[in-house]
Peer 1: 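A single structure is presented below for examination.
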Amino acid sequence: MRIAMVSEHASPLAALGEVDAGGQNLHVAELSAALARLGHTVTVYTRRDARDLPERVVAGAGVTVVHVPAGPARRLPKDELLPHMGEFAEFLDAEWARDRPDVVHAHFWMSGLASLLGARGHGLPVVQTFHALGTVKRRHQGALDTSPSERVALERQIGQRATRVAATCSDEVFELARMGVRRANISVVPCGVDPELFSPGGERAPTGAPHRLVSVGRLVPRKGFDTIISALRRLPDTELVIAGGPPRQALAADEEARRLQEHAAREGVADRVRLLGQISRAEMPALLRSADAVVCTPWYEPFGIVPLEAMACGVPVVAAAVGGLTDTVVDGITGLHVPPRRPEELARALRSLLADPGRRAAYGAAGRDRACSRYNWDRIAQDTRRVYERAIVECRPRETADQAAGGSR
Ligand code: UDP
């Protein structure tokens, strides 16, 4: 299959951890590579956000990244990209007129918009993965949500017009149904993990206290790091290491980093909280392995790759029971679920787990097993291929019907 992967703001070549670079970048990179391993050819279209980027880069065997000129060739916050999606779509249209893919897979709502516009004249099937939904973001972030005001309405249209929507978790299926997407047009395909890179054996970062908690994510309020900091007050002999955000040297100027440090000082735990800033993918497994538990307590989470990475490393995960975390983390088997934004309950769950090495080991082993068997990228790529095959078949009658309707008008 010739697959066009569209990821307007999230380049598979970007460094992870900064405000607009996280799970989606990784998802696009790993899925493309795994599809290429299955023998497919993948072209990833992402916005050209620096002057020195070549138009085409071979990212690995069978995967090419195309930097699409759409708006200024510099970094822009993703919430400012909508006005440039028309230009992005024109590029796709011209590209696909010259070189027709079999299927288009759009990531995030703006890619869906550009893809549907670009694919319109070519009768191409479009598979949509939202990664995050505007309705959910608005519900949780309220006035803090800086998404364009058109987002929610456009997402609904994209969901309804895409040939097929690939949700990343079961919770998203309910949200999509509420938006009017037909249940029959939704498939669930989760994100994955590399079980060779993320494995229990190997280096372990040194610890500075009898117990260590690790939490990883972009430094944005909705990741809920402050909940863990508050819980730490009730967890003596325990340190918390937080990875993510800008590179370490730029951490002092980061507003959210400062807010978290001030929060730690107010809670009287500043000496036990360490912010590492952005860390490389190569360093991530050793950091996760060094934890007695990896803690993920976001307000909401469209999927959440970090818990899978921790599970693959054989580390128990204590997670807020929200979004994708209710699918990946199995309460009482691979870790524990807690309600979001409730430090006392988090502290209670962690206290009992930290006091019980046998249970931690059992959760870790079950987590490794689950991550390897259910979430390895090769399996995710096979599931995705089946979704593409279905979309290709589903697109045919519609295409024929559209042509017939056009001919009779
Ligand atoms: N990550 C990283 N370095 C960092 C912070 C995060 O490599 O400093 C990676 C992390 O290991 C995971 C991804 O970025 O693979 C974050 O994905 P997730 O789905 O957990 O969160 P998102 O950023 O998409 O909200």
Side-chain angles (χ1 to χ4, degrees), residues 7 9-31 33 78 107-108 129-133 136-137 140-141 167-169 171-172 189-199 205 214-225 228 241-251 254 256-257 260 274-291 294-313 315 317-320 322-329 335 340 371 375-377 380:
S7 180
H9 73 277
S11 168
L13 304 174
L16 307 181
E18 292 199 44
V19 167
D20 281 341
Q24 183 181 331
N25 306 65
L26 183 79
H27 183 123
V28 171
E30 293 281 1
L31 179 62
K78 66 175 182 292
H107 296 263
F108 203 59
T129 297
F130 281 105
H131 290 274
L133 287 171
V136 179
K137 191 169 185 189
H140 289 277
Q141 298 203 353
T168 52
C169 68
D171 184 61
E172 190 186 337
V189 188
C191 302
V193 68
D194 175 350
E196 277 165 33
L197 178 63
F198 292 93
S199 65
V214 169
S215 193
V216 178
R218 292 172 295 124
L219 282 192
V220 290
R222 73 118 171 135
K223 288 286 179 182
F225 296 117
I228 318 173
V241 177
I242 299 174
R248 191 175 203 142
Q249 60 278 17
L251 214 50
D254 185 89
E256 181 62 5
L260 292 173
R274 199 142 55 86
L275 268 63
L276 300 181
Q278 181 179 49
I279 73 158
S280 72
R281 197 156 162 67
E283 295 169 295
M284 190 61 77
L287 175 67
L288 295 173
R289 279 181 213 125
S290 73
V294 165
V295 187
C296 311
T297 50
W299 307 346
Y300 66 95
E301 189 58 87
F303 183 76
I305 294 182
V306 169
L308 276 190
E309 294 173 341
M311 285 160 64
C313 287
V315 178
V317 179
V318 177
V322 295
L325 309 183
T326 59
D327 285 358
T328 47
V329 177
Y375 294 100
N376 73 74
W377 279 113
I380 303 303

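Order of appearance sets the numbers: ligands from 1, and atoms from 1 within every ligand.
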Peer 1: Counting C-beta onward and ignoring hydrogens, is there a side-chain heavy-atom pair between Leu260 and Lys223 closer than 4.5 Å?
Peer 2: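 Leu260 does not reach Lys223 side chain to side chain.
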Peer 1: Quick check on Arg248 - does any of its heavy atoms sit under 4.0 Å from an atom of ligand 1?
Peer 2: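 Per 4.0 Å heavy-atom rule, Arg248 does not contact ligand 1.
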Peer 1: Please state which part of Leu276 comes within less than 4.0 Å of ligand 1, counting heavy atoms only: side chain, backbone, both or neither.
Peer 2: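 Near ligand 1, Leu276 shows nothing, with every heavy atom at 4.0 Å or more.
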Peer 1: Report, in ascending order of atom number, the atoms of ligand 1 lying under 4.0 Å from any heavy atom of Arg222.
Peer 2: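 Counting from 1, the qualifying ligand atoms are 25 (O).
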Peer 1: Quick one: are Val322 and Pro298 in side-chain contact, heavy atoms under 4.5 Å?
Peer 2: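 Sidechains of Pro298 and Val322: in contact.
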Peer 1: Select one of side chain, backbone, both or neither to describe which atoms of Glu283 lie under 4.0 Å from any atom of ligand 1, heavy atoms only.
Peer 2: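 Glu283 to ligand 1: no contact under 4.0 Å from either part.
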Peer 1: Is the shortest side-chain heavy-atom distance between Pro302 and Phe130 below 4.5 Å?
Peer 2: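 No, too far: nothing below the 4.5 Å cut-off.
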Peer 1: Please report whether ligand 1 has a polar contact with Pro307, defined as an N or O pair separated by less than 3.5 Å (distance criterion only).
Peer 2: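 Between Pro307 and ligand 1, no N or O pair is found under 3.5 Å apart.
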Peer 1: Run the numbers for me: atoms of ligand 1, each under 4.0 Å from some heavy atom of Met284, listed by number.
Peer 2: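 The atoms of ligand 1 under 4.0 Å from a heavy atom of Met284 are 1 (N), 2 (C), 3 (N), 4 (C), 7 (O), 11 (O).
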Peer 1: If you take all heavy atoms of Phe303 and Pro190, which pair is closest and at what distance?
Peer 2: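 Heavy-atom minimum between the residues: CE1-CB, 3.6 Å.
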Peer 1: Report yes if some N/O of Glu309 lies less than 3.5 Å from some N/O of ligand 1; otherwise report no.
Peer 2: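 Min N/O separation from ligand 1 is below 3.5 Å for Glu309.
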Peer 1: For His27, enumerate each residue passing the ring pair (Phe, Tyr, Trp, His ring centres under 6.0 Å) test, keeping only those at least two apart in sequence or located in another chain.
Peer 2: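 Partners of His27 by the ring pair (Phe, Tyr, Trp, His ring centres under 6.0 Å) criterion, ordered by chain and then number, come out as His107, His131, Trp377.
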Peer 1: Identify the residue among Leu276, Leu275, Val216 that makes a side-chain contact (heavy atoms from CB on, under 4.5 Å) with Val241.
Peer 2: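 Considering Leu276, Leu275, Val216, a side-chain contact (heavy atoms from CB on, under 4.5 Å) with Val241 is found only for Leu276.
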Peer 1: Go through ligand 1 atom by atom and flag the ones less than 4.0 Å from a non-hydrogen atom of Leu26.
Peer 2: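 Near Leu26, the atoms of ligand 1 are 15 (O).
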Peer 1: Provide the closest heavy-atom pair for Leu288 versus Glu309 in the form atom of the first, atom of the second, distance.
Peer 2: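 In this case the closest contact between Leu288 and Glu309 is CD1-CB, 3.7 Å.
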Peer 1: Go through ligand 1 atom by atom and flag the ones less than 4.0 Å from a non-hydrogen atom of Gly304.
Peer 2: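 Contacts of ligand 1 toward Gly304, numbered from 1: 19 (O), 20 (O).
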Peer 1: Counting from 1, what ligand 1 atoms have a heavy atom of Arg218 closer than 4.0 Å?
Peer 2: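 What qualifies from ligand 1 is 22 (P), 23 (O), 25 (O).
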Peer 1: Does a side-chain heavy-atom distance below 4.5 Å link Leu325 with Val317?
Peer 2: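 Leu325 does not reach Val317 side chain to side chain.
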Peer 1: Looking only at distance, does Gln278 have an N or O less than 3.5 Å from an N or O of ligand 1?
Peer 2: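 The answer is no, given that Gln278 and ligand 1 share no N or O pair closer than 3.5 Å.
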Peer 1: Does this structure show an ion pair linking Glu30 with Arg281, if we count only N-O contacts that are shorter than 4.0 Å?
Peer 2: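 The answer is yes: the pair qualifies as a salt bridge.
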Peer 1: Kindly confirm or rule out an N or O of Gly245 lying under 3.5 angstrom from an N or O of ligand 1.
Peer 2: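 Gly245 vs ligand 1: no N/O contact under 3.5 Å.
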Peer 1: Please list, in number order, the atoms of ligand 1 under 4.0 Å from a heavy atom of Val216.
Peer 2: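 Listed by number with element, the hits are 5 (C), 6 (C).
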Peer 1: Any nitrogen or oxygen of Ile305, main chain or side chain, under 3.5 Å from a nitrogen or oxygen of ligand 1?
Peer 2: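 Yes, since at least one N or O of Ile305 sits under 3.5 Å from an N or O of ligand 1.
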Peer 1: I'd like to check Tyr300 versus Leu133 (side-chain heavy atoms, cut-off strictly below 4.5 Å). Are they in contact?
Peer 2: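 Not touching, per the 4.5 Å side-chain cut-off.
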Peer 1: Provide the number and element of each atom of ligand 1 under 4.0 Å from a heavy atom of Gly22.
Peer 2: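 So the answer, numbered in order with elements, is 23 (O), 24 (O).
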Peer 1: Are any of the N/O atoms on Lys223, whether in the backbone or the side chain, positioned under 3.5 angstrom from an N/O atom of ligand 1?
Peer 2: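 Yes, Lys223 has an N/O under 3.5 Å of an N/O on ligand 1.
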